[in-house]
Amino acid sequence: MSAEGALEQRAGDLPGPTPAHTAPGDPPPAHTAPADPPPAHTAPADPSPAPSGTAVPDLSVVVPAYDEERRIGPTLDAVTRYLVSSGGSWEVVVADDGSTDGTREVVTGRRDPRIRLVGDPVNRGKGHALRLGIAASRGRRILVMDADLAAPVEELAHLERALSEGRAAAIGSRAVPGATLGARQRRIRELLGTAGNFLIRGTTLRGIRDTQCGFKLFDGDKARTAFAASRLDGWAVDVEVLRHFRRAGWPVAEVPVHWSHRPGSKVRPLDYPRFLRDLVRLRLPSVRPADALAVALFLVLSVALYSGRVFDPAHRYLTDSLQDQNQWEWFFAVTADNVAHLRNPLFTGLQGFPDGVNLMANTTMPGLSVPLTPVTLLLGPAVTLSLVMVLGLAATAAAWYRLILRRLVRGRAAAFTGAALAAFAPPLVSHANAHPNFVVLFMIPPMIERALRLTSAGTARTRDAVVLGLMAAYQLFLGEEALLLAALGMLLFALAHAAVRPDVARTAVRPLLRDLAVAAAVCLPLVVYPLAWQFSGPQSYTGIEHGPGTANTVRALLTFAERSLLAGDAARADALSLNPTEQNAFYGWPLVLLALAITVRLRRRPVVVALALTALAAAVLSLGSAVHVPFTQVTVPGPWALLAGRPLFESVIESRVALVCAPPLGMLLALAVDRLAHARRPGTRYAGLAVVCLALLPLVPAPLRSEPRAEVPAFFTDGTWRSYVRDGETLVPVPLAEPADAEALHWQTATGLGFRMPGGYFNGPYGDGDRTGVYGVPMRFTAGLLHDVRQTGVVPVVDDGARAAARADLAYWRAGALVLGPQPHADALRETVDKLVGRRGGRVGGVWVWDLHGRS
């Protein structure tokens, strides 16, 4: 990963403050939302508000009050005496929080026009009251103090000295050296306060020991900005405002003060859990309406893509998923079954009997299949898979949207456009048919964000490294190959950015490597056992040969995908890809030309050049080890030859590397749209946006094809199968389940995984000491014979040798019965099994059954 500035706007590219560093080592600038106007009901309650033409006072004192009839009078006396003796202009604003006693009358009874009352008739909390009081204040500085005078107003002198030294805020503290305590709180409240401060420092505000002392002095304008942007009404508003100062880069000093507990505290027992709730709210990002609309639109796009199945997942099948929908539903079902029965979630003997299946060596996505166990058990694996694919795709788009908005552009329309391409690019739509591990990528953008943070100066880098390690561990349980491709993409970007900004790279590389080592130290202990099981456990394998034709061609990169709504051509796409689920390129020539034009137009920006080089490098790698030069008979070595056969890469289908192109292309598109949105000439703006639309139109996907699902025979749904399979036995589908036909997996999930079976559709070793990976299991004699009959419809000659081999296979599988369901060439299959078993099968519950227990 390169320096953080690589995915940032240069100063001056956009109006107003940018979220960018301008040089390595600079502190991160503020990400401050515009101050929201106060609600209509927050108008001052003072019957004689200060005229607008009066001079701005030097100091505003804001005192929140709720049922303070007894204390507010003496407090105002003490404050005004001190302010008069100190000189300078001042005002006091009492922010009433819906008092039910005479607090308001005490304040309004004062004849001094410098003492004003604002408030709300409803009690909503200290935070709300302070927002009203700060909004009504006019001073160059603002002192916020509690009505009980726990910190004497004379302590203001200490805060003023700190503010005069260039700080934006000086907060009174009971927890720094030099602080003194008079009367103390009860022990339980002190312990709760200490625990609260520890929690605040650990989760929200590092370095500030005491956020809750009610005695704080602020720069007036900055305080009004921070409080206007706040959203908490309770006691945690102090934490929220100080966090705003921290994020804005406004320095805060913690000043020791004298503090004494006063009776009559308004803090009640229920306020402590409410405070914890508000801390959680602070950790959650605030959502603007435009952002909520973007996420909703991503969800609509995802639902539209899956519209053929999403409304009836149990009875609809994605046509182009081949047999993968059956496989994935089985993965979710078997994981839930293992978890529910407290079995090892990394292994099962339900398929591939007697050897079983190494689930960690298959893409079972335990990061979702395990926590979604209750959904699978209650609603079934078909519903779980549908939810994962629909919501996961929308969440991935939302994650890219957030990253692009935080790091690249300010325009939400531009971020939406870029994120839509990053998540719904043609190759990802192809995988959406069958491979949720390449669709559910919502962890990749936040991992990129954390990695970028590691290239900037700051005290939180170690924490970011730890979080990155945790994220990487979780992503490994969502999809290892996706994690590998993401790491490859980030490495390509780092190298590209280092080439265009070597000065930044030299500054960032050493601390980045150190922090990545920390991330690895966090990640590895969490994944070492599952990985050891995957690569060395039962039924592990070394690598899988995918055969010829797994690389892209230049033509595939420039052609339109099969599911293109306007330009799709199934025959052409099939000729350039392995199958409908592996159309890993197909970005189309208009988008390629647009990306080239964007790169040329914005070439002075390092991030643009780095993104373009990343997409180009990934595209070239996806061409494989031998690249055919278009319009010639020439083949040249491809750079993939450097990676092919290497550890971790030996099982990667090289055409999938083109998936890495989608996010850089989306980011380039976002930069272009954002630049066009700020173009000075309307003609330039509209012409440019029209070109973008024309380039994207061929990429708009049609909904994925679906069809009614084959009914599960009554033999399985009504439980008849139970009388044919005893303990320790298997049920043998005819033919055995395999990658070409895995409908038997659907039968198995329909019974709640009640029986085991040989064969199946999964990745495992070839066997007999050969750990080379294969899809399914090597076919024994009987399995191969039945497979051939299904393919040809020809009944073979069955002699005594064939029957003996069949008996040996059935004994090896511990078969209790053979079952033949409705399918092509069913008559030929039934005749073949009759000959192998030596007797005719019986028709039971919509299937043909051969009971191997000697019963008729």
Decide yes or no on side-chain contact (heavy atoms from CB on, under 4.5 Å) for Glu240 and Ser230, but give the supporting numbers first.
CA-CA 7 Å; Glu240 182 180 19; Ser230 67; 3.3 Å; yes

Between Gln748 and Gln351, is a side chain to side chain donor-acceptor pair (under 3.5 Å) present by the stated rule, with each step listed?
CA-CA 10 Å; Gln748 197 179 38; Gln351 272 194 82; 5.3 Å; no

Worked verdict on Arg412 versus Leu405 for side-chain contact (heavy atoms from CB on, under 4.5 Å):
CA-CA 7 Å; Arg412 280 163 165 75; Leu405 193 61; 3.7 Å; yes

Worked verdict on Glu582 versus Arg656 for salt bridge (charged side-chain N to carboxylate O under 4.0 Å, His left out)
CA-CA 8 Å; Glu582 293 288 349; Arg656 290 178 175 176; 2.3 Å; yes

Assess the residue pair Tyr761 and Asn326 against the criterion (side-chain contact (heavy atoms from CB on, under 4.5 Å)); give the C-alpha distance rounded to whole Å, side-chain angles, the decisive distance to 0.1 Å, and a yes or no.
CA-CA 9 Å; Tyr761 181 17; Asn326 282 325; over 6 Å; no

Would Thr384 and Thr376 satisfy side chain to side chain donor-acceptor pair (under 3.5 Å), going step by step from the backbone distance to the final call?
CA-CA 6 Å; Thr384 303; Thr376 304; 2.9 Å; yes

What's the verdict on salt bridge (charged side-chain N to carboxylate O under 4.0 Å, His left out) for Glu707 and Arg316, showing C-alpha distance, side-chain angles and the deciding distance?
CA-CA 6 Å; Glu707 59 192 28; Arg316 300 290 298 180; over 6 Å; no

Going through the checks in order, is the side-chain contact (heavy atoms from CB on, under 4.5 Å) test met by Tyr541 and Phe535?
CA-CA 6 Å; Tyr541 56 91; Phe535 292 108; over 6 Å; no

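Judged by distance alone, the side chain of Ser386 and the main-chain N or O of Ala382 form no donor-acceptor pair under 3.5 Å. A donor-acceptor contact shorter than 3.5 Å is absent between the side chain of Thr559 and the backbone of Phe586. Of the possible polar contacts, none joining the Trp400 side chain to the Ala423 backbone as a donor-acceptor pair under 3.5 Å is found. The backbone N or O of Gly479 sits less than 3.5 Å from a side-chain atom of Gln475, completing a donor-acceptor pair. A donor-acceptor contact shorter than 3.5 Å is absent between the side chain of Gln539 and the backbone of Gly764. Between the side chain of Tyr587 and the main chain of Ala658, a donor-acceptor pair closer than 3.5 Å is present. Side-chain N or O atoms of Thr335 include none that pairs as donor or acceptor with a backbone N or O of Phe332 at under 3.5 Å. In this structure, Asp741 contributes its side chain and Glu743 its backbone to a donor-acceptor pair below 3.5 Å. Proximity of a side-chain donor or acceptor of Asp464 to a complementary backbone N or O of Arg453 within less than 3.5 Å is not detected. Side-chain atoms of Glu481 never come within 3.5 Å of backbone atoms of Val652 as a donor-acceptor pair (strictly under, hydrogens ignored).
Side-chain atoms of Tyr401 and Asp291 form a donor-acceptor pair, as typed in the model, at a separation below 3.5 Å. Side-chain polar atoms of Asn362 and Thr364 form no donor-acceptor pair below 3.5 angstrom.
Residue Thr348 is tested with Asp337, Leu753, Val357, Asn358 for a side-chain contact (heavy atoms from CB on, under 4.5 Å); the sole match is Val357.
With contacts defined as side-chain heavy-atom distances shorter than 4.5 Å, the pair Val439/Leu428 does not qualify. Taking 4.5 Å as the limit, every side-chain heavy atom of Pro664 sits out of range of all side-chain heavy atoms of Phe493. Trp747 has its side chain within reach of Pro713: a pair of non-hydrogen atoms, C-beta onward, lies under 4.5 Å apart. In this structure, Pro436 and Met389 have side chains that are in contact, with non-hydrogen atoms separated by less than 4.5 Å. Using a 4.5 Å heavy-atom cutoff, the side chains of Tyr775 and Phe762 are not in contact. The closest side-chain heavy-atom distance from Thr751 to Thr717 is not below 4.5 Å.
One distance of note links CD1 of Ile444 with CG of Leu403; it measures 11.5 Å at 0.5 Å rounding. With rounding to the nearest 0.5 angstrom, the CD atom of Gln327 is 10.5 Å from the CG atom of Leu385.
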If you look only at distance, which donor and acceptor atoms sit under 3.5 Å apart when one is on a side chain in residues 292-307 and the other is two or more places apart or in another chain?
residue: Ser302; atom: OG; partner: Val390; partner atom: O; Å: 2.7
residue: Tyr306; atom: OH; partner: Ala432; partner atom: O; Å: 2.7
residue: Ser307; atom: OG; partner: Ala304; partner atom: O; Å: 2.9

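Minimum heavy-atom separation, Pro313 to Val310: CD-O, 3.6 Å. Minimum heavy-atom separation, Leu565 to Ala702: CD1-CB, 3.7 Å. In terms of heavy-atom proximity, Gln583 sits nearest to Ser577 at CG-OG, 3.3 Å. Counting all heavy atoms, side chain and backbone alike, Gly469 lies closest to Cys523 at O-CB, 3.4 Å. The nearest pair of heavy atoms linking Ala399 to Pro446 is CB-CD, 4.4 Å. The nearest pair of heavy atoms linking Ala419 to Ile404 is N-CD1, 3.7 Å.
Residue pairs meeting the side-chain hydrogen bond (donor to acceptor under 3.5 Å, both in side chains) criterion with at least one partner in residues 420-438, sequence neighbours excluded, are Asp324-His435, His431-His435, His431-Asn584.
With sequence neighbours excluded, the residues that form a salt bridge (Lys or Arg N to Asp or Glu O under 4.0 Å) with Glu329 are Arg309, Arg709.
No salt bridge links Glu449 with Arg402; every basic N to acidic carboxylate O contact stays at or beyond 4.0 Å.
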